[in-house]
Amino acid sequence: MGKIVIPLPMREVAPGAVHVPGWLTLDEQRHLVQACREWATGPVPIRHTVLPRGGVMSVQTVCLGWHWQPYRYTRLAHDVNGRQVAEFPAWLGELGRRALADAYGQEHPAEAYEPDTALINFYDGQAKMGMHQDKDEKSDAPVVSLSIGDACLFRFGNTETRGRPYTDVRLASGDLFVFGGPSRFAYHGVPKVYPGTGDPATGLASGRLNLTMRVTGLR
Ligand code: MD3
Ligand code: FE
């Protein structure tokens with residue numbers, strides 16, 4: 001028997017930051033989990049990113065289109081195995097445009113949105129992500145975020161400081177979040193994952209996957 005799901009309404013958490021609960025169907029989630037499993041094996045395998053001062057991120061990351069390492073995008077994964085990352089597939093760009101159209105309605109020209117990189121983060125039950133800004137992209141185009149698996153506490157802050165004011169949002173499997181306009185350069189983080197809250201029918205028995213699409217502005 002499938003779980004009973006009571007969808008929450010779409011919500012604009014801050015100007016340009018729109019949360020759409022339950023946006024992905026179970027079939028789409030299954031398809032994405034399968035695709036992420038394949039991307040995780042290479043050409044550049046999923047790994048814990050090492051930070052410039054020696055810290056190691058608790059999430060595991062694999063990239064498409066462009067490889068992100070703190071704090072730049074390159075075509076080759078110099079910090080992993082030197083190989084070129086897998087290409088950003090056309091079908092994922094289509095999904096990104098549909099996400100933008102659904103979150104923003106007609107206000108933003110979704111047809112013109114051409115994301116060229118995806119960062120896929122896997123969280124085990126202990127993984128977190130500290131408050132940070134994403135500003136390695138040379139574009140202010142929106143970021144599309146998709147969550148699958150265990151729910152998490154997502155903290156959405158402000159553009160000035162790592163601290164308050166912020167809004168805490170629970171992100172669950174299938175949720176879409178779009179960050180554009182004044183929210184594009186806001187601090188954000190994931191203080192906590194809630195183990196055991198995902199639906200194994202997605203194909204993910206435990207942990208959380210987050211896929212973000214971005215426009216690097218590079219060529
Ligand atoms: C707001 N990922 O990959 S998704 C990241 O759940 C990242 O793995 C988190 O932060 C995760 O950089 C949060 C939501 C998110 C992603 C990118 C953003 C929010 C954002 C970029 C700008 C503003
Ligand atoms: Fe981020």
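We count residues from 1, following the sequence as given. First listed ligand is number 1; within each ligand, the first listed atom is number 1.
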Ligand 1 atoms in contact with N210 (distance to a heavy atom under 4.0 Å): 2 (N), 4 (S), 6 (O), 8 (O), 11 (C)
Taking atom 16 (C) of ligand 1 as the reference point, the nearest protein heavy atom with its distance: T212 CG2, 3.6 Å
L204 CG to D199 CG distance, which is reported to the nearest 0.5 Å: 10.5 Å
Side chain to side chain, V59 and H48, heavy atoms closer than 4.5 Å: no
Basic-acidic side-chain contact under 4.0 Å: E137, R72: no
Atom indices of ligand 1 within 4.0 angstrom of D134 heavy atoms, with elements: 5 (C), 12 (O), 17 (C), 21 (C)
Co-members of M131 in a cluster of I, L, V, M, F, W and Y side chains, linked at under 4.5 Å: Y187
Of the N, O or S atoms in D134, the one nearest the Fe ion (ligand 2): OD1
Cation-pi check, R97 onto Y113 ring (under 6.0 Å, within 45° of axis): no
Interfacing atoms of ligand 1 (cut-off 4.0 Å, heavy-atom, V143): 17 (C), 21 (C)
Under-4.0 Å heavy-atom contact with ligand 1, by part of L119 that carries it: neither
Pick from W68, F154, Y123: the one approaching atom 11 (C) of ligand 1 most closely through a non-hydrogen atom: Y123
For atom 15 (C) of ligand 1, the protein heavy atom that lies nearest, with its residue and separation: F179 CE1, 3.4 Å
Of the listed options M131, M213, H188, closest to atom 21 (C) of ligand 1 (non-hydrogen atoms): H188
R155 and D168 ion-paired at < 4.0 Å: yes
R214 and ligand 1 - part of the residue with a heavy-atom distance under 4.0 Å: side chain
Name of the H188 atom (N/O/S only) found closest to the Fe ion (ligand 2): NE2
Geometric N/O contact H132 with ligand 1, under 3.5 angstrom: yes
Pairwise distance CG(L100) to CG(L95) - rounded to 0.5 angstrom: 11.5 Å
Nearest-0.5 Å distance that lies between atom OH in Y166 and atom CG in N158: 11.0 Å
Side chain to side chain donor-acceptor pair (under 3.5 Å) partners of residues 188-197, not counting sequence neighbours, each pair once: H132-H188, D134-H188
Contact with ligand 1 for R208, non-hydrogen, under 4.0 angstrom: yes
Contacting atoms of ligand 1, where contact means under 4.0 angstrom from a heavy atom of M129: 2 (N), 7 (C), 10 (O)
Atoms in ligand 1 with a heavy atom of S183 nearer than 4.0 Å: 23 (C)
Test item: S206 and D124 side chains (from C-beta on) under 4.5 Å apart, heavy atoms: no
Atom 2 (N) of ligand 1 [closest protein heavy-atom partner, distance rounded to 0.1 Å]: N121 ND2, 3.7 Å
Protein contact of atom 23 (C) of ligand 1 - nearest heavy atom, named by residue and atom, plus distance: R184 O, 3.4 Å
Atom CD of E114: over 12 foreign heavy atoms under 6.0 Å: no
